[in-house]
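Remarks on the structure that follows.
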4 protein chains.
Amino acid sequence: MTEKQENILNAALELFANEGYNATSTNKVAKAAGVSEGLIFRHFGNKEGLLAALLKVGEDRFKSLYADIVMESDPEKIIRKAILLPFQVPESEYTFWKLQFKLKWEMEVDGKEKTEPLLRVLKYAFEKLGYAEPEKEASLIVFIHEGMSGAILKGVPIDKQAFQTFLLEKYNV
Amino acid sequence: MTEKQENILNAALELFANEGYNATSTNKVAKAAGVSEGLIFRHFGNKEGLLAALLKVGEDRFKSLYADIVMESDPEKIIRKAILLPFQVPESEYTFWKLQFKLKWEMEVDGKEKTEPLLRVLKYAFEKLGYAEPEKEASLIVFIHEGMSGAILKGVPIDKQAFQTFLLEKYNV
Amino acid sequence: MTEKQENILNAALELFANEGYNATSTNKVAKAAGVSEGLIFRHFGNKEGLLAALLKVGEDRFKSLYADIVMESDPEKIIRKAILLPFQVPESEYTFWKLQFKLKWEMEVDGKEKTEPLLRVLKYAFEKLGYAEPEKEASLIVFIHEGMSGAILKGVPIDKQAFQTFLLEKYNV
Amino acid sequence: MTEKQENILNAALELFANEGYNATSTNKVAKAAGVSEGLIFRHFGNKEGLLAALLKVGEDRFKSLYADIVMESDPEKIIRKAILLPFQVPESEYTFWKLQFKLKWEMEVDGKEKTEPLLRVLKYAFEKLGYAEPEKEASLIVFIHEGMSGAILKGVPIDKQAFQTFLLEKYNV
DNA sequence: CATGAATGAGTCTTCATTCAT
DNA sequence: GATGAATGAAGACTCATTCAT
């Protein structure tokens, strides 16, 4: 991975996340990255390839985000960790996650399958704790994630610290 | 509003909602609507004008959705109605709402200010009911809305009836 | 068929025939035709479509060229007409025929099937006249056509009148 | 001539002959040859240089093809050898000759001057044999060559052995 | 000798928009 | 109101070529 390749990826991430994939021309990316337009195609084949490279780089972030929680067996800890999840994303990664959200809507990129493991482990936790509707409880957590993260990423001001505490108390974890 | 004008709006709604605003050319809209491309510009000025017309038509939907709830004074009824809100959108309007969600991400179209009145009235209701964190409770409801509606509009299969009951019971309303 | 459409076709014919299909950019065609580049695509879809339109227009020329000969039943007249064939192409059509030859080589465009009917009728004629190898005689005529026409179209100076007489006498027709 | 240089020449010959010079990118040549694109330019200067090298290598083939015939003085043997000419090209050289034909049309590469010596010697032969139109007879032979060779190189199935005999008998040589 | 990163000009094509009819 | 021809700018992508290593 040469320096220019990284410049391209960074520029593309920034632009795709903020202006949208379709609204960002490869020309704009090249200029922002300080490289010739052709280089994008030499390295990533085509515009979609550039996007794919971006998503591939980010796949690890998904995994490291979920890894800790999916391994857990104590139901209370599962729920606790699930709630903490969105709050642990460092602000430096916001651009990447904004891209994820944008793509879910701009293209019809998956999204559903990515939350599957989380749903499963949450359902298991709520079952263990004797909740009447564990599956729905799990979904609810995910919905809250989506709604809240979306708001944060779009720049809605939220006292994250306080909201985190609020949620943890609500679930007694 | 002539018939052709409506054809254009319908075609545009369908295409913008499903393929995205940027990914939809005026040419595609014209073909889907069965009119000449020029007519779009005669009626709506430019592509943005077409989008604006679409959003304007939908503004009533926002209002009629919120009207009933904002007028309410009984706190329990407010919460009940707020929860019911997303479930009362008829499926025939899903395309329109999908467009709303898409635009929130594809362009950076507001969204925040639209939920403001709902947030206010919910905060008031939770206060009345003695909740410790009325503002956060209100936000939470809105986050759930966003998360759930997003999932539904993207086609994730959900037993809406059951989920509605689940939420109502959770809030004892 | 508007005037500009014809300008495009004429310019394309000229350029494709003289510089080659691949070596001619749509930009060059547009400039030569005095139209915007986009118009080419509006009318012909893409560069290949432009070529196809050119070939379609020329298909009649093939037919009218062969029609007279294929209908003939007198063997001597068949051969006579076959020999005269290349000499009857008016110089105004040379560009079109040059394109045909060029395409046979630049792309791998048919060519074989187009001469089929001519081969058949010639074989029949030579049979009738008692030639020992009617099929080869027919092929020979076609080879002579190809070789001679190719030379003429590439600008090799030939006394066509004299050569025509020479050939007719050779076959006693 | 290193091995890689030969790889390049072979790949280029194959590609230029089958897909055309303009339609073949140096990138494609490099990949087919299993070398870096830069190497092509180090060795051959530019794309045209590569083509020139190809033609230079093939020049011997022209010479060895014509050498025997041009030296001949017996008119009947001249004609006999001329007729045999195209049939003596080994199939392994077809790709090279296909390139020759392609170039004659795709670029406006000579071809005329190359047949000059053959024309001269044939004219001489026909004169000696008392033909009325020795110059035209010579041209005719060349036209037949062109037409027949073209057909063969384009893959039209021909019984070469039989056709050769047919021609030799036609000229009583 | 050989590579592969890098470039700038150019290619085909699409797009929003205008305008005469 | 409505069409369809026409445009110019921009879009994604390709290509021959250069150069540092």
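Reminder, nothing fancy here: chain letters follow the sequence lines and each chain counts from 1.
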Tabulated below should be each protein N or O lying under 3.5 Å from an N or O of nucleotides 17-21 of chain E; please produce it.
from   : atom 1 : to      : atom 2 : distance (Å)
E/dT17 : OP2    : B/Lys47 : N      : 2.8

With a 3.5 Å cut-off and sequence neighbours excluded, list the donor-acceptor pairs that the side chains of residues 47-54 of chain A form with protein atoms.
from    : atom 1 : to      : atom 2 : distance (Å)
A/Lys47 : NZ     : A/Tyr21 : O      : 3.0
A/Lys47 : NZ     : A/Thr24 : O      : 2.9

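- Regarding C/Gln5, its CD atom lies at a distance of 11 Å from the C1' atom of F/dA6, rounded to whole Å.
- Straight-line distance from the CG atom of A/Leu39 to the P atom of E/dG8: 11 Å, rounded to whole Å.
- Residues meeting the salt bridge (charged side-chain N to carboxylate O under 4.0 Å, His left out) test with B/Glu3, sequence neighbours left out: none.
- Helix-axis bend for the helix from E/dA2-F/dT21 to E/dT21-F/dA2: the local axis fitted to the five terminal pairs at one end deviates from that at the other end by 10°, rounded to 10°.
- The distance between atom CZ of D/Phe44 and atom P of E/dC1, rounded to the nearest whole Å, is 11 Å.
- Atom NE2 in B/His43 sits about 18 Å away from atom P in E/dA16, given to the nearest Å.
- Residues forming a salt bridge (charged side-chain N to carboxylate O under 4.0 Å, His left out) with A/Lys4 (at least two apart in sequence, or on another chain): none.
- Residues that satisfy the ring pair (Phe, Tyr, Trp, His ring centres under 6.0 Å) test with D/Phe101, not counting sequence neighbours, are C/Trp105.
- Taking atom CD1 of D/Ile8 as the reference point, atom P of F/dA16 lies 14 Å away to the nearest angstrom.
- Residues satisfying the ring pair (Phe, Tyr, Trp, His ring centres under 6.0 Å) criterion with C/Phe44, sequence neighbours excluded, are absent altogether.
- Among residues two or more places apart in sequence or in another chain, the ring pair (Phe, Tyr, Trp, His ring centres under 6.0 Å) test is passed with B/Phe96 by none.
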Return all side-chain donor-acceptor pairs below 3.5 angstrom for residues 25-39 of chain C, not counting sequence neighbours, or 'none' if the list is empty.
from    : atom 1 : to      : atom 2 : distance (Å)
C/Ser25 : OG     : C/Lys28 : N      : 3.1
C/Thr26 : OG1    : C/Glu37 : OE2    : 2.8
C/Lys28 : NZ     : C/Glu19 : OE1    : 2.9
C/Lys28 : NZ     : C/Ala23 : O      : 3.2
C/Glu37 : OE2    : C/Asn27 : N      : 3.3

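- Between A/Glu106 and A/Lys98 there is no salt bridge, since none of the side-chain N atoms of the basic residue sits less than 4.0 Å from a carboxylate O of the acidic one.
- Following rounding to the nearest Å, D/Ile40 (CD1) and E/dT3 (P) show an atom-to-atom distance of 11 Å.
- With sequence neighbours excluded, the residues forming a salt bridge (charged side-chain N to carboxylate O under 4.0 Å, His left out) with A/Glu146 are A/Lys104, listed by chain and number.
- By the ring pair (Phe, Tyr, Trp, His ring centres under 6.0 Å) test, A/Tyr94 is found to be paired with no residue, residues two or more places apart in sequence or in another chain being considered.
- The stretch residues 13-25 of chain B touches DNA chain E through B/Thr24, B/Ser25, each having a heavy atom under 4.0 angstrom from the strand.
- In this structure, CD of B/Glu6 is placed 14 Å from P of F/dG1, rounded to the nearest angstrom.
- Contact check, B/Lys4 against F/dT3: a side-chain N or O comes under 4.0 Å of OP1 or OP2.
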